[in-house]
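Please read the structure below before turning to the comments.
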Amino acid sequence: LVKKNNPVLLIAGFRDSNDKNWPWEIRASSSFIDNSGYFDLETDVPGNLFTYDEPVRIKIKNGIQISEKKTISYIVYDTTGNIVTQGKNDLIFEQSGQEMYLNLDIQKRGTFLIEIDIPGWEKKYTTFARIPDLKSLTKGLPTKFGMTTSGNTTNEQVWAVAERLGFSICRRFTQWYKLQPAPDIYKLESIEQELKAAKKYGIDTWLCLYDPPPFAFNGKTGKISYTVFDCNIEAWRNLVSTVTSKFKGSLYGWEWLNEITPGGYKDQVKTYLQMCKVGTETTKTIDPNIITLLAGGLFPRGFRDQVLSE
């Protein structure tokens, strides 16, 4: 909407025969490209999240080479659709990349949408919020709030936003085959970069493993999603040992697989518990302070109860 590449999260829900929500979602991410090019809307604060003591300043960035005086109209709405403030400003656009600021006198708290219209060019929107200074309120101590990341390397701006939102922990979905594409090859640079960036903003990270490489299987290989598999325990042990040793002191913990369910392998409880035991013993031998977790989920209840009772 306001940048060249704009991320989009798509969420599909399900309903049962009684038209009630089923507790499961399918998610996908994509992006769309803004092709207008006249101007962009940005701010100088992470995530457009202004603390109460910061002035609200919307940056209007000229996207074309032109020398022209323009009158801009703006309207700010709150989440109920009510107008918070509106007005007009005269701005002189002189060159591509030029940055000008719209200063808004807003004392109300919460989330807002601003509409900026430049006649003859286009109309654009963006959102911003006025929030408490959580870092100051917590005095830098950890909170009980966290986040999840996945996919490509998370850029530093995400961690800056997370800090403003008061997050202290991150669950990082991590594909095993990307960490270790071959038995003797490890590619840990991107994870190292993420851990350092997260720490800079006071966020601890644990790794939730999935998508094992072919050599991690004892038998038939395949794409694994939400199930246990016939794991080569020595390959598992080597991965955990190598990664824990590399990131000792900066890695918060491990989560042994993600939301696993029965199916796909006959000895799922025995195999899963062996993976947990070997993984936990291996990582804690290297770093006694590291945290380990069972897979988030363990559905259905009977399967979870069986795992916990063993």
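Atom set for the values below is all heavy atoms of this structure, side chains included, hydrogens, waters and symmetry mates excluded.
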Give a yes/no verdict on a cation-pi contact between Lys124 and Phe39, requiring under 6.0 Å between NZ or CZ and the six-membered ring centre and an angle within 45° of the axis.
yes

Taking the six-membered ring of Phe50, is the NZ or CZ of Arg130 close enough (under 6.0 Å from the centre) and on axis enough (within 45°)?
no

Do [X] and [Y] have side-chain N/O donor and acceptor atoms under 3.5 Å apart?
| X | Y | answer |
| --- | --- | --- |
| Asp267 | Tyr272 | no |
| Glu54 | Thr51 | yes |
| Thr71 | Asp90 | yes |
| Thr43 | Asn48 | yes |

Could you go through the side chain to side chain donor-acceptor pair (under 3.5 Å) check for Asp44 and Tyr101 one step at a time?
CA-CA 10 Å; Asp44 292 329; Tyr101 287 88; 2.6 Å; yes

Before you tell me yes or no, could you show the steps for Ile75 and Ile114 under side chain to side chain contact (heavy atoms under 4.5 Å, CB included), namely the whole-Å CA-CA distance, both residues' side-chain angles and the distance that decides it to 0.1 Å?
CA-CA 6 Å; Ile75 305 176; Ile114 183 169; over 6 Å; no

[X] with [Y], same ILVMFWY side-chain cluster at under 4.5 Å:
| X | Y | answer |
| --- | --- | --- |
| Ile131 | Ile203 | yes |
| Phe229 | Phe173 | no |
| Phe167 | Leu137 | no |
| Val278 | Leu179 | yes |
| Ile260 | Leu273 | yes |

Rounded to the nearest 0.5 Å, what separates atom [atom1] in [X] from atom [atom2] in [Y]?
| X | Y | atom1 | atom2 | value |
| --- | --- | --- | --- | --- |
| Leu102 | Lys59 | CG | NZ | 13.5 Å |
| Glu255 | Leu294 | CD | CG | 9.0 Å |
| Leu91 | Met100 | CG | CE | 5.0 Å |
| Glu115 | Ile83 | CD | CD1 | 9.0 Å |
| Thr205 | Tyr252 | OG1 | OH | 11.0 Å |
| Leu239 | Thr282 | CG | OG1 | 10.0 Å |

For Met275 and Thr271, run side chain to side chain contact (heavy atoms under 4.5 Å, CB included): C-alpha distance rounded to whole Å, both residues' side-chain angles, the deciding distance at 0.1 Å, then the answer.
CA-CA 6 Å; Met275 293 175 71; Thr271 299; 4.3 Å; yes

Lys61 and Gln98: side chain to side chain contact (heavy atoms under 4.5 Å, CB included), yes or no, with the steps?
CA-CA 6 Å; Lys61 189 173 182 179; Gln98 175 188 4; over 6 Å; no

Can you check whether Trp256 and Tyr210 have ring centres sitting under 6.0 Å from each other?
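Judged by ring-centre distance (under 6.0 Å), Trp256 and Tyr210 do not meet the cut-off.
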
Is it the case that the ring center of Trp159 lies less than 6.0 angstrom away from the ring center of Tyr201?
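No, ring centres 6.0 Å or more apart.
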
Of Trp254, Tyr186, Phe217, Trp236, the residue whose pairing with Trp176 passes ring pair (Phe, Tyr, Trp, His ring centres under 6.0 Å):
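Only match with Trp176 under ring pair (Phe, Tyr, Trp, His ring centres under 6.0 Å): Trp236.
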
Asp230 (side chain) donor-acceptor with Asn218 (main chain) under 3.5 angstrom:
no

Are Lys200 and Glu156 ion-paired here, with the side-chain N under 4.0 Å from a carboxylate O?
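Salt bridge between Lys200 and Glu156, a charged N being under 4.0 Å from a carboxylate O: yes.
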
Can you tell whether the side chains of Lys70 and Glu68 come within less than 4.0 Å, N to carboxylate O?
yes

The residue among Ile106, Leu49, Thr111, Val45 that forms side chain to side chain contact (heavy atoms under 4.5 Å, CB included) with Phe128 is Ile106

For residues 219-228, which residue pairs qualify under salt bridge (charged side-chain N to carboxylate O under 4.0 Å, His left out), counting only residues two or more places apart or in two chains?
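Sorted result for residues 219-228: Asp211-Lys223.
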
I need the full list of salt bridge (charged side-chain N to carboxylate O under 4.0 Å, His left out) pairs touching residues 272-292, with sequence neighbours left out, sorted by first then second residue.
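As it turns out, the salt bridge (charged side-chain N to carboxylate O under 4.0 Å, His left out) pairs with a partner in residues 272-292, which skip direct neighbours, are Lys277-Glu281.
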
Can you confirm whether [X] sits close enough to [Y] that some side-chain heavy atom of one is under 4.5 Å from a side-chain heavy atom of the other?
| X | Y | result |
| --- | --- | --- |
| Ile26 | Ile11 | no |
| Ile286 | Thr283 | no |
| Trp121 | Phe93 | yes |
| Ile169 | Trp206 | yes |
| Ile233 | Gln274 | yes |
| Ile185 | Gln180 | no |
| Asp105 | Gln107 | yes |
| Lys20 | Arg15 | no |

Please assess Ile290 against Thr244 for the test side chain to side chain contact (heavy atoms under 4.5 Å, CB included), listing each intermediate value before the final yes or no.
CA-CA 9 Å; Ile290 204 164; Thr244 304; 4.2 Å; yes

